[in-house]
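Here the structure comes first, spelled out in structure tokens, and everything after it is commentary.
Keep in mind that the numbers below use all heavy atoms, side chains included, and drop hydrogens, waters and symmetry copies. Nothing here was measured: the structure is a model prediction, and the numbers come from that model. Naming convention: chains lettered A, B, ... in sequence-line order (proteins, then strands); numbering from 1 in each chain.
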Number of protein chains: 2
Amino acid sequence: MKPAELTDTEQRIKQAARQVFLRRGLDGARMQDIADEAKVDKALVHYYFRSKDKLFAIVFEEMAGRFLGQIGRVLTADVSFPEKIRLLVQHDTSMADDFPLVANFIMTELNQSQHRTNQPLTIRPLHDVQKLFVEQVNTAIEAGLIRPLNPVQLFVSLISLSLFPLVAQSLIQAILGLDGVQYQTMLTERTRSLPDFINQAIAP
Amino acid sequence: MKPAELTDTEQRIKQAARQVFLRRGLDGARMQDIADEAKVDKALVHYYFRSKDKLFAIVFEEMAGRFLGQIGRVLTADVSFPEKIRLLVQHDTSMADDFPLVANFIMTELNQSQHRTNQPLTIRPLHDVQKLFVEQVNTAIEAGLIRPLNPVQLFVSLISLSLFPLVAQSLIQAILGLDGVQYQTMLTERTRSLPDFINQAIAP
DNA sequence: AAATAGTTTTACCATTTGGTAAAACTATTT
DNA sequence: AAATAGTTTTACCAAATGGTAAAACTATTT
């Protein structure tokens, strides 16, 4: 009988797959690499997950779920607006190390899946989160805390300002000619200065 | 003797490679697909470009160059600051159709190249552009047009706000549960509202 | 027109890669 | 302990894929 909890082996394989897919993408990942990373035979990977696509779908769904969960939690946190913004801006340090990698990964694979023949990847929309966020924004507007603006636009602006510097690290580094250390310094300063930027942008 | 200008065939292959690499990435692209797209035999692709990696390097470099050129031109345009911001925000419509795809592509492959064994992809930093932009910001600050802020941080904020909604279209669509048409509508409204957002954020 | 140089096609190949059948092994049930 | 079910390893394979040698063809030069 199949136990409710996953085998140790099965877990190790999934964890390994996560790492390899994250680094190399669906096309770049090799089943052998995943097996090596998990220290099991390649046939075992197929035994547990049947095919590369199936394994990928599972891993992707889980990652996307966790990712959206993190974003959602911050967006709907029951704190004052300025505080929420600080939370959002700072989640790069507080969150998992591989957060940028995960964000980039999801973006890339979502895009690619549109071009692939196989069934497109989907992620569950944050309907409830979005609704809650919109309400909070509208309340803040009515209370005169922030100026009237479209909550969806604000949402997009906020995640743009907080996510892009993480997701596009390699690109921005290349443009500005910074190394990794310099970039981290920039990000640290950014954590301090960005809330002001945003708060002033939305002030009445 | 090799003519200075590229053969028609050679051009077609490069153009085809651009499209295929853009859609599928380095790992996902097949030499056969490129050949088909260019309507030539696969052997010809190798005849002109030797290997997949070489072809990719050439295509990538050209794309990155054009991409940075576009950004650079907007950033250093000799116009007033509010006007420059409008330019930056609107470049999504004025620029090539595949601008988001290109941005995403460059980001992804830059990231991946860090994980690959072969030589990392590099793009020429926008040193001169950056310098010019920093000067313009400082001038605007001294003139009291905008409040004092770190030009690099402003730079990052500006490209975050303008690029991310393009690059992360698939992700944001998924989060908000929007279809392509709804997203375009949102982007159009954004073109109007974003300059205000930015201008207020940087107002003295 | 003969020779040369450049281009395109044909016909391959060596490797890599996702995948599998079946043997071997281990735990669990009867 | 025999049988059964689940797990791991072994030994493969078919297809895909990047790449190439050489033939065939075309334009250019001598």
- Message: Measuring to OP1 and OP2 of dG6(C), would you say a side-chain N or O of Y47(B) lies under 4.0 angstrom away?
- Response: no
- Message: Pairing check on dC13(D): which nucleotide meets the Watson-Crick or G-U wobble criteria with it, both distances under 3.5 Å?
- Response: dG18(C)
- Please round to the nearest 0.5 Å and tell me the distance separating atom CD1 of I198(B) and atom CG of L161(B). 5.0 Å
- Message: With a cut-off of less than 4.0 Å, is there a side-chain N or O of R30(B) near OP1 or OP2 of dA16(D)?
- Response: no
- Query: Rounded to whole angstrom units, what separation is found between the CG atom of D41(A) and the C1' atom of dT8(D)?
  - Reply: 8 Å
- Task: Using a heavy-atom cut-off of under 4.0 Å over every strand shown, decide if A29(B) touches base, sugar-phosphate, or nothing.
- Result: sugar-phosphate
- Query: Roughly, in whole Å, what's the span from CE in M31(B) to P in dT16(C)?
  - Reply: 17 Å
- Task: State the CE-OH distance between M186(A) and Y183(A), to the nearest 0.5 angstrom.
- Result: 4.0 Å
- Item | Nucleotide dT7(C), atom P - distance to CZ of R12(B) in whole Å | 14 Å
- Distance, nearest 0.5 Å, that separates CZ of F81(A) from CD1 of I146(A): 4.5 Å
- Selection from dG19(C), dT10(D), dT20(D) that lies nearest to any side-chain heavy atom of S51(A): dG19(C)
- Spacing between H46(B) atom NE2 and dG19(D) atom P, to the nearest angstrom: 4 Å
- Query: For the base of dG19(C), is there a side-chain donor-acceptor partner from K42(A) under 3.5 Å away?
  - Reply: yes
- Give the rounded distance in Å between these two atoms: NZ of K52(A) and P of dT20(C). 14 Å
- Message: Would you say T9(B) places a side-chain N or O within less than 4.0 Å of OP1 or OP2 belonging to dT8(C)?
- Response: yes
- If you check every side-chain atom of L44(B), which of dG19(D), dT8(C), dT10(C) has the closest atom? dT8(C)
- Query: N138(B) and V134(B): side chain to side chain contact (heavy atoms under 4.5 Å, CB included), yes or no, with the steps?
  - Reply: CA-CA 6 Å; N138(B) 284 332; V134(B) 169; 3.5 Å; yes
- Note on the structure: Closest of dA21(C), dT20(D), dT8(D) to the Y48(A) side chain is dT8(D)
- What integer distance in Å separates D33(B):CG from dG18(D):P? 8 Å
- Using whole Å, report how far CD of E10(A) lies from P of dG6(D). 13 Å
- Item | Residue matched to dT26(D) through Watson-Crick or wobble contacts both under 3.5 angstrom | dA5(C)
- Query: Quick one: I34(B) CD1 to dT17(D) P, roughly how many Å, whole number?
  - Reply: 12 Å
- Non-hydrogen side-chain atoms of Y48(A) and L55(A) separated by less than 4.5 Å: no
